[in-house]
Amino acid sequence: QVQLVESGGGLVQAGGSLRLSCAASGNIYSVGAMGWYRQAPGKQRELVATITVGGTSNYAESMKGRFTISRDNAENTVYLQMNSLKPEDTAIYYCYAAIKTSWYQLRDYWGQGTQVTVSS
């Protein structure tokens, strides 16, 4: 069994910063790409950022320059540093990871979500 546990969400004023963490644990053979999505009330889940094992990152356009994704491969953990936060960044943030539980079993796993609220 695999678990992704997120932390670091909360309430912050516009212009502030938050750092999210997501640690994968359990029956892990290897971890591939990791990333973050978010879902605001009444909206579809959208990509925030992804990062490969080698550290190549990809961001949604509206997050470029404000958000930074990073990972610690030894700890199977992905981070999201969010700066210059705006009220429109308010959402539940979900981490995901492509995880192998054996050499032939690969699937995406999701965290439970962490609330980020940015006040104006």
Side-chain angles (χ1 to χ4, degrees):
Q1 196 170 6
V2 173
Q3 283 189 315
L4 269 63
V5 178
E6 299 144 341
S7 61
L11 173 64
V12 65
Q13 287 189 328
S17 299
L18 282 174
R19 188 186 193 219
L20 307 183
S21 300
C22 173
S25 63
N27 182 31
I28 295 173
Y29 179 80
S30 66
V31 180
M34 304 182 82
W36 294 90
Y37 281 70
R38 70 184 186 185
Q39 187 166 19
K43 294 188 176 181
Q44 288 188 326
R45 190 173 295 191
E46 63 174 349
L47 170 73
V48 175
T50 61
I51 186 167
T52 66
V53 174
T56 300
S57 57
N58 178 57
Y59 297 90
E61 197 63 37
S62 63
M63 286 69 155
K64 287 181 180 178
R66 299 189 300 125
F67 292 6
T68 302
I69 190 170
S70 61
R71 64 188 287 169
D72 182 335
N73 290 333
E75 298 294 329
N76 293 329
T77 299
V78 63
Y79 304 96
L80 185 69
Q81 177 67 43
M82 303 185 293
N83 299 327
S84 303
L85 283 162
K86 306 174 182 180
E88 51 264 42
D89 293 318
T90 295
I92 299 174
Y93 285 69
Y94 298 91
C95 74
Y96 89 94
I99 294 176
K100 281 189 171 183
T101 52
S102 70
W103 69 270
Y104 61 90
Q105 290 180 306
L106 172 67
R107 56 159 282 196
D108 287 346
Y109 289 84
W110 292 86
Q112 79 284 0
T114 186
Q115 178 71 47
V116 171
T117 303
V118 185
S119 63
S120 57

Participant: With no hydrogens and no angle check, is any side-chain donor or acceptor of Q81 less than 3.5 Å from a backbone partner on T68?
Facilitator: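 Answer holds: no.
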Participant: Between I51 and I28, is there a shared hydrophobic cluster once you connect ILVMFWY residues whose side-chain heavy atoms come closer than 4.5 Å?
Facilitator: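 The answer is yes; both residues are in one hydrophobic cluster.
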Participant: Check whether any side-chain heavy atom of L106 lies under 4.5 Å from a side-chain heavy atom of I99, and answer yes or no.
Facilitator: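 No; the side chains remain at least 4.5 Å from each other.
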Participant: Within this structure, what is the CZ-SG distance for the pair R71 and C95, rounded to the nearest 0.5 Å?
Facilitator: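 Interatomic distance, R71 CZ to C95 SG, rounded to 0.5 Å: 11.5 Å.
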Participant: Under the side-chain contact (heavy atoms from CB on, under 4.5 Å) test, which residues partner Q105, sequence neighbours left out?
Facilitator: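 side-chain contact (heavy atoms from CB on, under 4.5 Å) check on Q105 returns T101, S102.
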Participant: Taking side chain to side chain donor-acceptor pair (under 3.5 Å) as the definition, give me every residue that meets it alongside K64, ordered by chain and number, with sequence neighbours left out.
Facilitator: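 Applying side chain to side chain donor-acceptor pair (under 3.5 Å) to K64 gives E61.
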Participant: Do V53 and V31 have side chains that get closer than 4.5 Å, going by heavy atoms?
Facilitator: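 They are not in side-chain contact.
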Participant: Under the side-chain contact (heavy atoms from CB on, under 4.5 Å) rule, collect the residues that match up with A60, sequence neighbours excluded.
Facilitator: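 Here the qualifying residues are M63.
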Participant: According to the side-chain hydrogen bond (donor to acceptor under 3.5 Å, both in side chains) rule, which pairs have a member within residues 106-117, sequence neighbours left out?
Facilitator: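 Of all non-adjacent pairs touching residues 106-117, those that pass side-chain hydrogen bond (donor to acceptor under 3.5 Å, both in side chains) are Q115-T117.
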Participant: For S119, give me all partners under side-chain contact (heavy atoms from CB on, under 4.5 Å), at least two apart in sequence or on another chain.
Facilitator: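 Result, side-chain contact (heavy atoms from CB on, under 4.5 Å) vs S119: L11, Q13.
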Participant: Tell me whether M34 is reachable from Y96 by hopping between hydrophobic residues (I, L, V, M, F, W, Y) whose side-chain heavy atoms are closer than 4.5 Å.
Facilitator: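 No, Y96 does not connect to M34 through the hydrophobic network.
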Participant: Transitive ILVMFWY cluster of Y104 at side-chain heavy atoms under 4.5 Å: who else is in it?
Facilitator: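 Answer for Y104: Y29, W103.
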Participant: Which pairs of donor and acceptor atoms, one on a side chain in residues 36-43, lie under 3.5 Å apart (sequence neighbours left out)?
Facilitator:
| from | atom 1 | to | atom 2 | distance (Å) |
| --- | --- | --- | --- | --- |
| R38 | NE | E46 | OE2 | 2.6 |
| R38 | NH1 | D89 | OD1 | 2.9 |
| R38 | NH1 | Y93 | OH | 2.9 |
| R38 | NH2 | E46 | OE2 | 3.1 |
| Q39 | NE2 | K43 | O | 3.1 |

Participant: How far apart are the closest heavy atoms of S57 and I69, and which atoms are they?
Facilitator: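 Between these two residues, the closest heavy atoms are CB-CG2, 3.6 Å.
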Participant: Would you mind listing every salt bridge (Lys or Arg N to Asp or Glu O under 4.0 Å) that reaches into residues 50-59, with sequence neighbours excluded?
Facilitator: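 Sorted pair list comes back empty.
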Participant: If a pair satisfies ring-ring contact (aromatic ring centres under 6.0 Å, His included) and one of its residues is in residues 40-90, list it, with sequence neighbours excluded.
Facilitator: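 Found none.
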Participant: Residues two or more places apart in sequence or in another chain: which of them pass side-chain contact (heavy atoms from CB on, under 4.5 Å) with T56?
Facilitator: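 Expected list: T52.
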Participant: Does one hydrophobic cluster hold both V12 and L80, with members joined at side-chain heavy-atom distances below 4.5 Å?
Facilitator: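 In one cluster: yes.
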Participant: Is T90 close to V116 at the side-chain level, that is, under 4.5 Å between some pair of heavy atoms?
Facilitator: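 SC-SC contact between V116 and T90 ruled out.
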Participant: So which atom in L85 and which in R66 form the shortest heavy-atom distance, rounded to 0.1 Å?
Facilitator: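 It is CA-NH1, 3.9 Å.
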Participant: Under 3.5 Å, sequence neighbours excluded: what are the donor-acceptor pairs made by side chains of residues 17-26?
Facilitator:
| from | atom 1 | to | atom 2 | distance (Å) |
| --- | --- | --- | --- | --- |
| S17 | OG | N83 | OD1 | 2.9 |

Participant: Same hydrophobic cluster for Y94 and M82, using side-chain heavy-atom links shorter than 4.5 Å among ILVMFWY?
Facilitator: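 The answer is no; the residues belong to distinct hydrophobic clusters.
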Participant: With sequence neighbours left out, which residue pairs that include part of residues 63-92 fulfil the disulfide bond (SG atoms under 2.5 Å apart) condition?
Facilitator: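 Listed once each, the pairs would be none.
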